Amino acid sequence: VFLAVASIFFLSYIYPNIKTPKWERKIISARYLRERKHFDLADEMLEKTIGEFPDKIPLYLVYYQFYSTPKMTMLDCLQQKGYDVLGVGKIYDIFARGYELTKDTGLGVIMARFLIEEGDTEKAAPLLEGIKAEEFMLTQNMPVWAEYHYRRGELAEAEKAFVDFSGKLYPGI
């Protein structure tokens with residue numbers, strides 16, 4: 001009986017995870033840590049995994065998803081006052097290396113968003129051009145062109161970009 005139960009447990013839980021690549025298991029572990037409110041451990045795990053597997057784009061996307069959660073954006077106020085709470089420079093460097101290695105359009109859009117946040121809109125614009133960048137922004141619900149124009153002080157263009165983005169995302173509204 002024990003052997004039968006152990007075999008069922010092994011085949012149900014352990015064997016499928018053996019076949020899963022290590023970097024995917026790390027994403028699952030990081031999400032688990034995140035659910036348990038261990039934000040720093042989850043981020044640290046993903047940073048190490050990105051260092052080990054720098055060509056795996058889903059790692060960067062999950063890492064950015066963690067970065068852009070409400071828990072992180074609450075800390076923006078402290079960062080604006082001069083505290084390097086998030087270590088944005090480190091996060092930017094991680095994405096810059098990933099983009100340089102993979103040339104993935106999604107990572108380019110994320111890099112553009114970081115550049116816009118820092119006020120470097122000239123470097124951001126080329127990363128946002130193209131159909132693939134637009135598709136990524138729509139699938140991730142990221143109106144980065146609107147942020148771009150807003151940061152440059154072009155309020156009418158920002159409003160137009162946001163309305164265009166919303167119209168593409170929610171047709172008929």
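As the structure is a computational prediction, the values presented were derived from the model and not from experiment.
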Legend entry - Within 45° cone of Phe39 ring axis and under 6.0 Å: Arg34 NZ or CZ: no

Legend entry - Ring geometry between Tyr64 and Phe114 (parallel below 30°, tilted from 30 to 60°, perpendicular above 60°): perpendicular

Inset, instruction - Identify the two heavy atoms, one from Ala30 and one from Met45, that lie closest to each other, and give their separation to 0.1 Å. - result: N-SD, 3.8 Å

Inset, instruction - Can you sort out the partners of Tyr150 under ring pair (Phe, Tyr, Trp, His ring centres under 6.0 Å), two or more places apart, ordered by chain and number? - result: none

Inset, instruction - Grab the two heavy atoms, one from Asp104 and one from Gly106, that are nearest each other, plus how far apart they are. - result: OD2-N, 3.1 Å

Legend entry - Nearest non-hydrogen partners of Ala161 and His149, listed with the distance: CB-CD2, 4.1 Å

Inset, instruction - Side-chain contact test, heavy atoms from C-beta onward, threshold under 4.5 Å: evaluate it for Tyr92 versus Glu118 and give yes or no. - result: no

Inset, instruction - Quick one: closest heavy-atom pair of Pro54 and Tyr60, and the distance? - result: O-OH, 2.7 Å

Inset, instruction - Using the side-chain contact (heavy atoms from CB on, under 4.5 Å) rule, take Lys48 and Phe53 through it: C-alpha gap first, then chi angles, then the decisive distance, then the call. - result: CA-CA 9 Å; Lys48 287 180 182 177; Phe53 300 99; over 6 Å; no

Inset, instruction - Determine which pairs satisfy salt bridge (Lys or Arg N to Asp or Glu O under 4.0 Å) with at least one residue from residues 124-142, sequence neighbours left out, and list them in order. - result: Glu134-Lys168

Legend entry - Nearest atoms (heavy-atom pairs only) where Ile94 meets Tyr63: CD1-OH, 3.9 Å

Inset, instruction - Locate the shortest heavy-atom distance separating Arg151 from Ile116; write the atom from each residue and the value. - result: NE-O, 2.9 Å

Legend entry - Lys103 to Tyr99 six-membered ring, cation-pi geometry met (6.0 Å, 45°): yes

Inset, instruction - Give the intermediate values and the outcome of side-chain contact (heavy atoms from CB on, under 4.5 Å) for residues Leu138 and Phe165. - result: CA-CA 8 Å; Leu138 286 171; Phe165 178 82; 3.6 Å; yes

Legend entry - Glu159, CD atom: more than 12 neighbouring heavy atoms under 6.0 Å: no

Inset, instruction - Considering only NZ, NE, NH1 and NH2 on the basic side and carboxylate oxygens on the acidic side, decide whether Glu122 and Arg152 come within less than 4.0 Å. - result: yes

Inset, instruction - May I have the step-by-step check of side-chain contact (heavy atoms from CB on, under 4.5 Å) for Phe136 and Ile110, ending in yes or no? - result: CA-CA 10 Å; Phe136 182 82; Ile110 292 170; 4.2 Å; yes

Legend entry - Val144 side chain near Val109 side chain, heavy-atom distance below 4.5 Å: yes

Inset, instruction - Before accepting this row, confirm whether a basic side-chain N of the pair Lys22/Glu52 lies closer than 4.0 Å to the acidic partner's carboxylate O. - result: yes

Inset, instruction - Using a 4.5 Å cut-off on heavy atoms from C-beta on, say whether the side chain of Trp145 contacts that of Phe162. - result: no

